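Structure record follows, encoded as structure tokens.
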Amino acid sequence: MIGYACITLGNSVDPLRGCTKKNATNETLSSVIGHNLTSLSQALHYNHQNNIQLFRISSDIIPFGSSPVNSLPWKDSFGEELTSLGELVRRFKIRVSMHPGQYTVINSPHQDVVDRAIEDLIYHASFLDSLSLDASHKLILHIGGIYNEKEAAMDRFISVYQYLPENVKARLVIENDDRLYSVADVLAISSATGIPVVFDTLHHEVNPPHQNDKSMVEWLLLCKNTWKRNDGCQKIHYSQQSPSGKAGAHSQTIGIEAFLSFYHALEQYIPSGDLPDIMLEVKDKNLSAVKCINSLAHPGKIRTLEEEWSRYKYNVLEHDHAIYLKIRALLKDKTIYPAVEFYRLLEAALSKTIRPEAADNAAAHVWGYMSPFATQKEKEAASLKLTALHNNEISSDLVKKFLYRLAVKYEQTYLLDSFYFTF
DNA sequence: CACCGTCAAGTCGCA
DNA sequence: TGCGACTTGACGGTG
């Protein structure tokens, strides 16, 4: 399976809400939780409709879930919602996970930090428990800090682990990070504790073991051995270096070519029924998940690519008119399934900078959906905005927001389902 | 309504 | 001892 983390781009899932500590009244918390559970339900439906069976639930689903700031008995007051969310997860056969961030540290020398970290793990595990999910739905944790003494810090991790509640231990898996604990370190902790290891490809590239005597696939296979029957199949994190960012920064999108060569390398060592679940960590989230899934579909349907094209076409148009025409031509032949070539062209277009004339052209196409219904006032506003965009006097974001409001008003679902307003 | 500083968390490097 | 950087997306106050 291939999946993505926390956020579903596009217009089919309402973003999660949050609040600050000082605004965290019971009323606010309750309304945010209600909203967020609805959002999760939307995400599960989106994933199901798009053949995505791997999804990370955001730690922010319950604001201040492990803090005294939130004393709401949310498991009870949202019991029905949680039960039906769990049913959805099982019905859709989606494997979910949660991933406390870098600030949840159980190997700290400070007892209060450890206590809060344990509370945080309990919160995460109890959220998954509240959905009645089995132990293959995991909780991913980094090892923590080093504190000038790595051996001792690793020992502390191991001894704290022993005393974690059973429902946390049943779900806990550990991951190599991009600075401190390499896959070799994490495997050492795994052999002392039996905790399964999530292999993170980019962290491994940025922070390889000191004695790096193995290929990436060999390390990945060692991690595979740490997954036992009840844990479900091996999970890994896959991401690519952002060309513009610092080392370890995630890319905007998953480059399909590099992804496929990685995947095909795995296929040479692992039988197809036993390949790991791959969590993509990437800025464009579900968009890359769909891309990778479609690119691996072996008898793929051209219809799937046509639907993808309908979502991306105006984004492509505003980046590169020539590629827009190329993709249109590529999808003319309904007897083939040119997924990889399609995404290659898509990536080529979207990586180009937008020129004002092209942005104007795309906006004019989009405006064409609304213009038959628009009021005189809206027509005048549109004309002004499009001209200003053409002359590079206003940002295309501004024009998109204007067009988005009209698309909502006139219920242009074709546009609302597209990514034109997304990025 | 656009903009941008702030918020949460813990560690680590550097004064 | 203390402070800023690091990370992330949304909040929330300002203009």
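All heavy atoms count here, side chains included; hydrogens, waters and symmetry mates do not. The structure displayed is predicted, hence computed values, not measured ones. Residue numbers begin at 1 in each chain, while the letters A, B, ... track the order of the sequences.
Note on Asp284(A) versus Lys291(A): no salt bridge recorded, every NZ/NE/NH1/NH2 to OD/OE distance being 4.0 Å or above. The pair Asp417(A)-Arg311(A) does not count as a salt bridge, with every side-chain nitrogen at least 4.0 angstrom from each carboxylate oxygen. Ion pairing between a basic and an acidic side chain is recognised when a charged N comes within 4.0 Å of a carboxylate O; Lys377(A) and Glu380(A) show no such pairing. Contact check on Asp185(A) versus Lys150(A) returns a salt bridge, with a Lys/Arg side-chain nitrogen under 4.0 Å from an Asp/Glu carboxylate oxygen.
Checked against dC6(C), dT11(B), dC7(B), the side chain of Tyr103(A) finds its nearest nucleotide in dC6(C). In this structure, the nucleotide among dT7(C), dG12(C), dT11(B) sitting nearest to the side chain of Val113(A) is dT11(B). The Asn23(A) side chain lies nearest to dC11(C) when the options are dC12(B), dC11(C), dA2(B).
Looking at heavy-atom distances under 4.0 Å, Lys22(A) makes contact with sugar-phosphate atoms alone, never a base. At a threshold of 4.0 angstrom between heavy atoms, the contacts of Gly101(A) with the nucleic acid are absent. Looking at heavy-atom distances under 4.0 Å, Ser108(A) makes contact with sugar-phosphate atoms alone, never a base.
Both Leu180(A) and Phe64(A) lie close to DNA chain B; mapped to their nearest nucleotides by heavy-atom distance, the more 5′-ward contact belongs to Phe64(A).
When the side-chain nitrogen and oxygen atoms of Lys246(A) are compared with OP1 and OP2 of dC6(C), one or more of them lie within a distance under 4.0 Å. Close to dC1(B), at under 4.0 Å from its OP1 or OP2, lies a side-chain N or O of Arg405(A). Within the structure, every side-chain polar atom (N or O) of Lys21(A) is placed at least 4.0 Å from both OP1 and OP2 of dA10(C). For Thr20(A) and dA10(C), the shortest distance from a side-chain N or O to OP1 or OP2 is not below 4.0 Å. Contact annotation: Arg116(A) side-chain N/O to dG10(B) OP1/OP2 distance is under 4.0 Å.
Asn70(A) has its CG atom 14 Å from the P atom of dA8(B), to the nearest Å. A straight line from CG of Leu16(A) to P of dG9(C) spans 12 Å, rounded to a whole angstrom. Distance His142(A) NE2 to dC12(B) P: 14 Å, rounded to the nearest Å. Between Tyr404(A) atom OH and dA2(B) atom P the separation is 13 Å, expressed in whole Å. What separates CZ of Arg17(A) from C1' of dA8(B) is a distance of 18 Å, to the nearest Å. For the pair Asp120(A) CG and dG10(B) P, the interatomic distance rounds to 9 Å; values are reported in whole Å. Taking atom CG of residue Asn107(A) and atom P of nucleotide dA9(B), one finds them 19 Å apart after rounding to whole Å. To the nearest angstrom, P of dC3(B) lies 12 Å from CD1 of Ile394(A).
If you check distances only, the side chain of Tyr147(A) never reaches the base of dT11(B) with a donor-acceptor pair under 3.5 Å.
Of the candidates Arg95(A), Lys235(A), Arg56(A), Asp277(A) forms a salt bridge (charged side-chain N to carboxylate O under 4.0 Å, His left out) with just one, namely Arg95(A).
Between the Arg171(A) side chain and the Asp134(A) main chain, a donor and an acceptor come within less than 3.5 Å of each other.
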